[in-house]
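Quick caveat: nothing in here was measured; it's all calculated off a predicted structure. All values below come from the heavy atoms of this structure, side chains included, with hydrogens, waters and symmetry mates left out.
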Amino acid sequence: GGSYWWFKRAEPAQVAPGDITPLTTFANDERFPSVSPDGNQVAFSWQGENGDNEDIYLIPVGAGTPLRLTTDALPDQSPAWSPDGSQLAFVRVGTRDERGIYVMPPVPNAERRIGSVTQVLSGLSYAARVSWFPDGRRLAVSASDADSQMKGIVALDMNGAETRMIWSELPNGSYRNPAVSPDGRALAYALCTENFSCDVYVVALDENLRTRGEPRRLTPTSAIS
């Protein structure tokens with residue numbers, strides 16, 4: 001569906017066409033790009049030249065050779081830069097539905113596991129994403145319960161000592177792709193109810209990661225998010 005808006009007739013604005021520059025042109029899948037806070041580097045997951053193992057890579061914007069950061073046999077996905085650019089968080093897809101959450105400086109083979117979550121959506125595994133809180137000490141990630149429903153979003157502390165539920169509302173809803181606002185006072189997420197029909201919501205957070213008020217839907221119609 002779509003929406004149409006009517007305005008008074010006006011002369012069309014002159015907009016200069018933008019340049020589209022490919023950052024990578026490698027063989028096989030390159031996914032989950034994440035630009036560093038200074039805009040100079042891009043972290044991404046790539047299956048490699050042979051397409052046999054998905055790992056995290058780093059490449060300078062504009063030119064350069066990709067630097068392979070992880071080498072584990074399990075798939076590594078969804079890199080996310082910390083607010084100060086000193087760390088990368090990513091998800092390692094384990095056996096069955098386990099997702100290991102790792103953090104590392106942007107150098108090879110330096111990852112550190114901070115915890116794990118179970119992630120299932122309608123019986124199907126999917127690529128998880130993580131989001132940093134602005135203090136750089138916690139990550140937001142969606143998690144399943146024992147019934148394999150993505151019923152909430154948790155905060156993982158960098159020292160692995162804390163796992164706190166941020167939001168859990170619908171018994172039959174699935175929470176995906178959390179995104180913490182730059183000031184840490186709001187959380188956006190996709191809420192999927194059935195057949196990957198999803199909408200984007202945002203809810204306010206207090207200093208203790210409790211939700212304030214009701215979540216607000218941002219998208220007008222359901223779609224895959």
Least distance between heavy atoms, Pro134 atom then Ser181 atom: CD-O, 4.1 Å
Side-chain donor-acceptor contact under 3.5 Å, Ser86 with Asp84: yes
Would you mind reporting whether Leu191 and Asp199 have side-chain heavy atoms less than 4.5 Å apart? no
What I'd like to find out is whether the side chain of Ile114 reaches to under 4.5 Å of the side chain of Asn159, using heavy atoms alone. no
Would you say Trp81 and Gln41 make side-chain contact, with heavy atoms under 4.5 Å? yes
Where Ala73 and Asn53 come nearest, the two heavy atoms and their spacing: O-OD1, 2.8 Å
Pair Val91, Asp76 - check side-chain contact (heavy atoms from CB on, under 4.5 Å), show working. CA-CA 6 Å; Val91 178; Asp76 294 331; over 6 Å; no
Nearest heavy-atom neighbours spanning Arg176 and Cys198: NH1-SG, 4.4 Å
Tell me whether Val117 shares a hydrophobic cluster with Met158, the cluster being built from Ile, Leu, Val, Met, Phe, Trp, Tyr side chains joined at under 4.5 Å. yes
Lys/Arg N to Asp/Glu carboxylate O, Arg138 vs Asp157, below 4.0 Å: no
Return yes if some donor-acceptor pair links the side-chain N/O of Ser131 with the main-chain N/O of Ala140 below 3.5 Å, else return no. no
Heavy-atom check, side chain of Val141 versus side chain of Val154, under 4.5 Å: yes
Within the 4.5 Å heavy-atom criterion, are Leu69 and Leu88 side-chain neighbours or not? yes
Quick check: are there more than 12 heavy atoms from other residues, nucleotides or ligands sitting under 6.0 Å from CZ of Arg113? yes
Heavy atoms of Val61 and Gly39 approach each other most closely as CG2-O, 3.5 Å
Before giving the answer on side-chain contact (heavy atoms from CB on, under 4.5 Å), spell out for Val203 and Glu214 the whole-Å C-alpha distance, their side-chain angles and the decisive distance to 0.1 Å. CA-CA 7 Å; Val203 66; Glu214 294 298 316; over 6 Å; no
Ion pair check, Glu111 and Arg92, cut-off under 4.0 Å: yes
Step-by-step side-chain contact (heavy atoms from CB on, under 4.5 Å) determination, Ile153 to Leu187: CA-CA 10 Å; Ile153 295 169; Leu187 174 73; 3.8 Å; yes
Is there side-chain contact between Ser78 and Phe90, with heavy atoms separated by less than 4.5 Å? no
When you measure from the side chain of Ser116 to the backbone N and O of Glu98, does any donor-acceptor pair fall under 3.5 Å? no
Taking the side chain as everything from C-beta on, heavy atoms only, tell me whether Ile56 gets closer than 4.5 Å to Met104. yes
Under a 3.5 Å threshold, yes or no: a donor from one side chain and an acceptor from the other, between Ser45 and Glu54? yes
Distance check, rounded to the nearest 0.5 Å: Ile59 atom CD1 versus Asn40 atom CG? 13.0 Å
To the nearest 0.5 angstrom, please state how far the CG atom of Leu58 sits from the OG1 atom of Thr65. 12.0 Å
Within 6.0 Å of CZ in Arg112, more than 12 heavy atoms from elsewhere: yes
Which value, rounded to the nearest 0.5 Å, describes the distance between Gln87 atom CD and Tyr102 atom OH? 15.5 Å
Arg68 side chain near Thr70 side chain, heavy-atom distance below 4.5 Å: no
Is the shortest side-chain N to carboxylate O distance from Asp206 to Arg212 below 4.0 Å? no
Start with the C-alpha distance between Trp46 and Tyr57, add both sets of side-chain angles, then the distance that settles side-chain contact (heavy atoms from CB on, under 4.5 Å), and finish with yes or no. CA-CA 7 Å; Trp46 181 33; Tyr57 287 77; 3.6 Å; yes
Identify the two heavy atoms, one from Ala155 and one from Phe133, that lie closest to each other, and give their separation to 0.1 Å. CB-CE1, 4.1 Å
Centroid separation Tyr175 to Tyr189 less than 6.0 Å: yes
Heavy-atom pair of closest approach, residues Val103 and Trp132: CG1-CH2, 4.1 Å
